[in-house]
Amino acid sequence: MNSTSNKRIALISVHGDPAIEIGKEEAGGQNVYVRQVGEALSQLGWEVDMFSRKVSSDQEDICQHNSRCRTIRLTSGPVEFVPRDNGFQYLPEFVKQLLKFQKENGIKYEVVHTNYWLSSWVGLQLKKIQGSKQVHTYHSLGIVKYNTIENIPLVASQRLAVEKEVLETAERIVATSPQEKHHMKTLVSQQGNIDIIPCGTNVNHFGSVDRDTARATLGIAPDAKVVLYVGRFDPRKGIETLVRAVRESKFYGDKNLKLIIGGGSTPGNSDGRERDRIEGIVKELGMGDCTVFPGLLKQEILPNYYAAADVCVIPSHYEPFGLVAVEAMACGTPVIASDVGGLQFSVVNENTGLLVPPQDVAAFSNAIDRILENPEWRVALGRNASMRIMSKFSWDGVASQLDSLYTELLQSVKEPALVAG
Ligand code: UDP
């Protein structure tokens, strides 16, 4: 195989290392997306190189996932964790290191798929330097995010400019929901070549356990009423809304009620202000007895948590896609989610779960009560949820759509369009 052609793709994810443990601060959906897409593409015959920034000297420079899929960690800036809002300054070095890697390995990436705005800047440079075709997935749009938070970071104007440039110049943009595409068109730029390809989930992994087995495995009583949150501790995730909603639920005070807030680091370790703040609210509201913080839930154990829960709640203020929704649904668990972003696409209101206005404690509380007091309806919602995911959101389906998209772009490299005249 010629090193510059035939089914070779670089997935660039500067701050979302596809090979690290998921669920900790700043490691979430993007890491899962890149890793799953990478592995699924390799099964379709692609040589997949996933580039990320090295953040610890303990990390290997190259992590081989299978014979055709690897994570390559480039050193740019300090070899330590840098919050994403401070990462822009290290990108020129990242580009330099990526070019060096290409040269040393006799590779040229004709197509690069960039993830999140930091990586999109890297893709823009590769396009300028060597004409690489660029596919981009935003994972989060600055303009939408900044509308939902109070402290706008210094890097905001830079981010908005880069997000506009990439929309207007990338060969293809991948929106993960119709809502995200609409935001791009109305809030960023009317130009742009946008395909909608959702995020997926591993339908064989999630959905592999039934409720009774899951509860037995986790030591949860059959008659417990379990409300579950899974995700990072980030103010945008709206965990406070969920905690207050459970406090207002008519089931509060029932000894069977259990709120599980999964994610973050292992118990006892603080992972940032938001975790401390949420634990503080739980304490202040006197909810310590019914609330558990199991910490980071590994992907292997997660299906048990989703399957054991009566309902999974996603109270985000803003959510570009929301992998947790499709994972819970694949496990046959109804989802109550904020009526925002990609959640409006994955969750079908009154059919696979309930959509409620973000930050509305009373509405979340009412939705939780409706599901907890009606087990038959809960089962029906869960069944619909799992059918929706099986039919529309598998990683294999996502990968085959990306496969066609990359193939088209590679084809255009080999057969440049004829210029008239
Ligand atoms: N996750 C996990 N363990 C945890 C918490 C989260 O594996 O303890 C995973 C979860 O299964 C999902 C991802 O992290 O795949 C979160 O993705 P999502 O799109 O919901 O949110 P993001 O982190 O991208 O904002």
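Just follow the structure's listing: the first ligand is 1, and inside any ligand the first atom is 1.
A donor atom on one side chain and an acceptor atom on the other are found under 3.5 Å apart for Tyr306 and Glu327. A donor-acceptor contact under 3.5 angstrom links the side chains of Gln134 and Thr114, judged on distance only. Judged by distance alone, the side chains of Glu165 and Thr169 never bring a donor and an acceptor atom under 3.5 Å apart. A donor and an acceptor atom, one from each side chain of Arg172 and Thr137, are nowhere located under 3.5 Å apart. Asn384 and Thr352 are not linked by any side-chain donor-acceptor pair at a separation below 3.5 angstrom, with hydrogens and angles left out of the test.
Within ligand 1, counting atoms from 1 as listed, the ones closer than 4.0 Å to a heavy atom of Arg232 are 22 (P), 23 (O), 25 (O). With ligand atoms numbered from 1 in the order given, ligand 1 contributes 19 (O), 20 (O) to contacts under 4.0 Å with heavy atoms of Gly322. Below 4.0 Å from some heavy atom of Gln299 lie the following atoms of ligand 1, by number and element: 2 (C), 7 (O), 9 (C), 10 (C), 11 (O), 15 (O).
Between Leu323 and ligand 1, at least one pair of N/O atoms sits closer than 3.5 Å. Where the criterion is an N or O separation shorter than 3.5 Å, residue side chain and backbone included, Leu296 fails it with respect to ligand 1. For ligand 1, the polar-atom distance check finds an N/O of Val324 within less than 3.5 Å of one of the ligand's N/O atoms.
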Report, one line per pair, each donor and acceptor closer than 3.5 Å where one atom sits in a side chain of residues 88-97; sequence neighbours left out.
| from | atom 1 | to | atom 2 | distance (Å) |
| --- | --- | --- | --- | --- |
| Gln89 | NE2 | Asn86 | O | 3.0 |
| Glu93 | OE2 | Gln97 | NE2 | 2.8 |

Donor-acceptor pairs under 3.5 Å, side chain of residues 338-348 to any protein atom, not counting sequence neighbours: which ones?
| from | atom 1 | to | atom 2 | distance (Å) |
| --- | --- | --- | --- | --- |
| Ser338 | OG | Pro315 | O | 3.4 |
| Ser338 | OG | Ser316 | N | 3.4 |
| Ser338 | OG | Ser316 | O | 2.7 |
| Asp339 | OD1 | Gln344 | NE2 | 3.0 |
| Gln344 | NE2 | Asp339 | O | 3.0 |
| Ser346 | OG | Gly342 | O | 3.4 |

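The closest approach between a heavy atom of Lys298 and any atom of ligand 1 is not below 4.0 Å.
Considering each of Leu297, Leu302, Ile301, the one bringing a non-hydrogen atom nearest atom 8 (O) of ligand 1 is Leu297.
Heavy atoms of Val230 found under 4.0 angstrom from ligand 1 belong exclusively to the side chain. Of all the heavy atoms of Arg236, the ones lying under 4.0 Å from any atom of ligand 1 belong exclusively to the side chain. Heavy atoms of His139 found under 4.0 angstrom from ligand 1: none, in either backbone or side chain.
A cation-pi arrangement, defined by a distance under 6.0 Å to the six-membered ring centre and an angle within 45 degrees of its axis, is present between Arg84 and Tyr116.
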